[in-house]
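Order of the sequence lines fixes the chain letters, A, B, ..., with proteins taken first and strands second; residue numbering starts at 1 for each chain.
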Amino acid sequence: MAKASILKGISNAPQPHRRHSSHGTPRQKRTPKRDHAWMDGSDDDDLEVKRSKKHASTPSKSSHNSDQPRKKPRLSAPAGKSSASSSKDPSLQKQRKELPIYTGKDAIVNIIRENDVTVLIGETGSGKTTQVPQYLLEAGLAGSGMIAVTQPRKVAATSLAARVAAEQGTSVGALVGYSVRFDEASSPETRIKYVTDGMLVRELLGDPLLSRYSVIIVDEAHERTLRTDLLIANLKTIQKARNAPTDAKGKGAAKLTPLKVVIMSATLEAEKFSKFYNNAPDSAKIVQPDYVDAALRTFFQIHTDRPQGDVLIFLPGQEDIESLEKSIQLYANQLPVDVPGVLICPMYAALPPSQQSKIFSPTPSGMRKCILATNIAETSITIPGIKYVIDTGKCKEKRYVARHAGSGYDTLLTRDITQSSAVQRAGRAGREGSGYCFRLYTEESFRKMPITAEPEIRRCTLTSSLLQLKCLGQDLEELDFMDKPDESTVASALKTLFLLGALDNRKALTPLGRQMAAFPLEPPLARALVASTEMGCTAEVLTIISVLSASSHLFVDTHDARDAAADARRKFRHLSGDHLTVLNVVRAYEEVAASESKAGRRDWCRKMFLNERCLSEAMNIRAQLRDVCARMDVDWKASAGDNEVPILKALVRGLVENTAFLQADGSYKQVMGSSIVKIHPSSSLADKKVPAIIFDELVYTTSVYARGVSAVPRSYIAEVPVFQARVG
DNA sequence: GAGCACTGC
């Protein structure tokens, strides 16, 4: 069994906290100075780290030859050189030593040396992410293998690699590299590699024991992304194989070097919670049933009673924002002349960039800015000059609901925020001075909130993960997870993969399933792609699914220019519906891209109300998918031209579960699952009655909507083998 | 007649 150790208390240098208050009667209070407080109360654990002497560090020189890297040939320090080496930028080395983690360096290295698994808890900014890999390399713990450091986001992986490469006095891609989708910088010399968690999960498919790595550091583990959870579960399995007892020596297993795992996680900032509650006043204990109305009243209390300073109100969604905007405007127009005017700025992701930008312009003198935002303002953007925050305590959350062992749907419903969100929201006030947070909920409600968000593995569709695991000969049901996925979600994933032909009726992976897993796509889209190779329309299907798997929407939603947007959209419209409309858009975009400059392209997209980010990302994805096709000897150029028949038939193969027939009463009934679904109003087929539809996804908001819809003859659906089996 | 926010391959 793997030995495990937990190291706690890599704390930041103590810093003054912002002043907050809550529950309606704000009052300033300087927070007491206190370094740390852990949820489990074991305050003194950090001494374990702090106590250790920094005795003369003995970097074991790894006998690594320092060939010049192929990609970025520039000077590079040989591995194993001490961090104190004079060849490195002295100011960077000084900075490294000033990091909170530095005093614990030897203790950390020793504990990791002695244990198979180490859990390292430290706050953001403690330097653990940049320093620990370097400490381990310098101490020779990497042996002849690599140290991988996983990150949930690409930008973190690339920027951390740049930072650590600089600290090592080398260029990125030499001793220190990174690997993310669409981008890689590494060479045979690379020993520390920053990778996205998804990249390492994908690497498992080709190298199930991750044999190139001797240390894997899973960073930001507290974020509990689906891929991190999947990785952690797999690392346990891998360690069993690679760190087998020594009696296996001489046999197969002995060829494998042991694997060390380091899990790094931020604390939940427990002390910030408690400080927050020391100033909890005793008024405002009334539950506000209508948070929009409460926000309205709280805003005008602030506006008439409090000194100048902008207000940020957190609301769940666009609908509430628009309704509150109207009410505030109405009352603001009736204010006495001696009260400052109100400048209302709505803020949510779907708002066109031109209207988003006004929240960043300085508030005109004699005015108070009031920003109405979704949780986009919680982390993604920082708005300067906010003095007051009003927190409704609500947000919207997307969650997958599995039903009847299959055919579930995504929901988007308003719910209570988490405690960590509440803290985050309050922290948006007074970033440049003192600030106040007004919470429209009681202290008791706060205590009832979940501390953190539920891990993704409990909220998402697991179809893609299950397919990847099946390729590794594993199973969602058997793997040892920190949090077990929900049974019905697993059942639903199994059913989907069976219907797609990726699994047989004994839940075993089929050759088709293995083929599908090679593509970085959701299984239904991968299935459509494979089908297109048999139907001679790979070029078109590749284009359509590239757009569907891009992270943003193709069409820009605008309120003001709704008619103009609809006019522009009509130019691309295809009678069959949204999928071929997407194809028309990309074909037009490619023509423009061929003749126009970058600016011309941007201009065209703006005029056509198209999201250029979506299109350029789709082009990237398409190029990657073409590469995979080429490797699998699939002709990605095979084109059906303007014949939509094979294209729709290929899509039907992937979207088998997302099919519905028109009923006699004019509604659509899902073929599998039997729910009544409506065509989403954003679809080109909204309000149209066609005998049968396929769709990209089912979303439950105000009712169950099908999004991304195309009309197909009923026969296309009936000829799918799975349906024939059901009938016969 | 409707669109929380991110992220990953």
Side-chain angles (χ1 to χ4, degrees), chain A residues 150-157 179-184 195-206 220 223-231 314-322 347-352 373-381 392 394-399 410-418 421 424-425 453 456 459-460 464-465 467-468 471 516-523 525-526 546 549-553 555-559 562 566 611 617 620-621 624-625 627-628 678-683 685-688 697 699-708:
Chain A
T150 74
Q151 293 293 320
R153 282 166 295 277
K154 293 203 282 191
V155 55
S179 176
V180 301
R181 189 183 188 185
F182 304 131
D183 197 9
E184 168 154 17
V195 299
T196 41
D197 48 10
M199 203 66 184
L200 211 55
V201 169
R202 189 141 279 266
E203 213 168 308
L204 279 170
L205 294 178
E220 312 288 8
E223 289 195 23
R224 302 293 309 274
T225 71
L226 176 56
R227 295 166 299 280
T228 293
D229 274 18
L230 211 55
L231 190 61
F314 282 101
L315 292 146
Q318 184 179 344
E319 202 184 337
D320 290 328
I321 287 174
E322 282 167 359
M347 180 73 205
Y348 44 88
L351 201 68
T374 59
N375 49 6
I376 192 172
E378 209 172 280
T379 48
S380 314
I381 58 160
T392 58
K394 301 283 177 191
C395 67
K396 287 205 182 184
E397 188 189 67
K398 201 170 183 176
R399 175 177 282 267
D410 285 317
T411 61
L412 188 58
L413 299 171
T414 302
R415 57 160 289 165
D416 287 344
I417 58 171
T418 60
S421 265
Q424 185 69 29
R425 288 178 173 194
E456 247 177 21
R459 290 187 288 130
C460 300
S464 185
S465 306
L467 181 59
Q468 287 187 327
C471 288
M516 284 162 57
F519 294 100
L521 291 167
E522 291 300 319
L525 298 182
S546 297
S549 44
S551 52
S552 46
H553 281 129
F555 295 108
V556 178
D557 266 315
T558 49
H559 259 285
R562 219 163 68 167
N611 183 349
E617 191 188 342
N620 250 338
I621 293 170
Q624 191 193 17
L625 293 175
D627 282 349
V628 179
K678 290 182 184 164
I679 296 178
H680 196 276
S682 67
S683 169
L685 290 182
D687 300 326
K688 299 272 189 304
E697 57 178 353
V699 186
Y700 176 71
T701 50
T702 53
S703 71
V704 180
Y705 286 110
R707 265 203 299 226

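One can place CG of D320(A) at 13 Å from C1' of dG3(B), the figure rounded to the nearest angstrom. Taking atom CG on L231(A) and atom P on dG8(B), their separation rounds to 15 Å, with Å as the unit. The nearest whole Å value for the distance from the CG atom in L205(A) to the C1' atom in dC9(B) is 10 Å. Between R153(A) atom CZ and dA5(B) atom C1' the separation is 12 Å, expressed in whole Å. Straight-line distance from the CZ atom of R425(A) to the C1' atom of dA5(B): 11 Å, rounded to whole Å. Rounding to whole angstrom units, CG of residue N375(A) and P of dT7(B) are separated by 13 Å. Protein atom CG of D229(A) is 14 Å distant from nucleotide atom C1' of dG8(B), rounded to whole Å. In this structure, R459(A) places its CZ atom 14 Å from P of dC6(B), rounding to the nearest Å.
Within 4.0 Å of K678(A), counting heavy atoms only, lies no atom of the nucleic acid at all. Residue contacts for E203(A): at a heavy-atom cut-off of 4.0 Å it reaches no nucleic acid atom on any strand shown. Within 4.0 Å of V201(A), counting heavy atoms only, lies no atom of the nucleic acid at all. Counting any heavy atom pair closer than 4.0 Å across all strands shown, T701(A) reaches sugar-phosphate atoms only and no base atom. A686(A) comes within contact range of no nucleotide atom at all, as no heavy-atom separation falls under 4.0 Å.
Counting only heavy atoms from C-beta on, Y705(A) has its side chain closest to dG3(B) among dA5(B), dG8(B), dG3(B). Listed nucleotides dC4(B), dT7(B), dC9(B) differ in distance to K398(A); the shortest reach to its side chain belongs to dC4(B). Here the side chain of T196(A) is nearest to one of dG3(B), dC4(B), dC9(B), namely dC9(B). Closest to the side chain of Q318(A), from the set dC4(B), dC9(B), dT7(B), is dC4(B). For P681(A), the side-chain atoms get nearest to dA2(B) when compared with the rest of dA2(B), dG3(B), dC9(B). Comparing dG3(B), dC9(B), dC6(B) against the side chain of H680(A) picks out dG3(B) as the nearest. For M199(A), counting side-chain heavy atoms from C-beta on, the closest listed nucleotide (dC9(B), dA5(B), dA2(B)) is dC9(B). Of the candidate nucleotides dA2(B), dC9(B), dC4(B), dA2(B) has the atom lying nearest to any side-chain atom of T702(A). Listed nucleotides: dC9(B), dA2(B), dA5(B). Nearest to the side chain of I376(A): dA5(B).
Taking the side-chain contact (heavy atoms from CB on, under 4.5 Å) definition, one finds that D183(A) meets it with Y178(A), V180(A), sequence neighbours left out. For R202(A), there are no salt bridge (charged side-chain N to carboxylate O under 4.0 Å, His left out) partners, not counting sequence neighbours.
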### Message
Walk me through whether S421(A) and E378(A) qualify under side-chain hydrogen bond (donor to acceptor under 3.5 Å, both in side chains).
### Response
CA-CA 8 Å; S421(A) 265; E378(A) 209 172 280; 2.9 Å; yes
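Between M199(A) and R181(A), the shortest heavy-atom distance links the atoms SD-N, 3.9 Å. Of all heavy-atom pairs between C471(A) and A517(A), the closest is SG-CB, 3.4 Å.
Projected onto DNA chain B by closest heavy-atom contact, Q624(A) and K396(A) fall at different nucleotides, the more 5' of which corresponds to K396(A).
Contact between the side-chain N/O atoms of T374(A) and the OP1/OP2 oxygens of dA5(B) is found at a separation under 4.0 Å.
A distance-only check finds a donor-acceptor pair linking the side chain of T392(A) to the backbone of F314(A) [under 3.5 Å].
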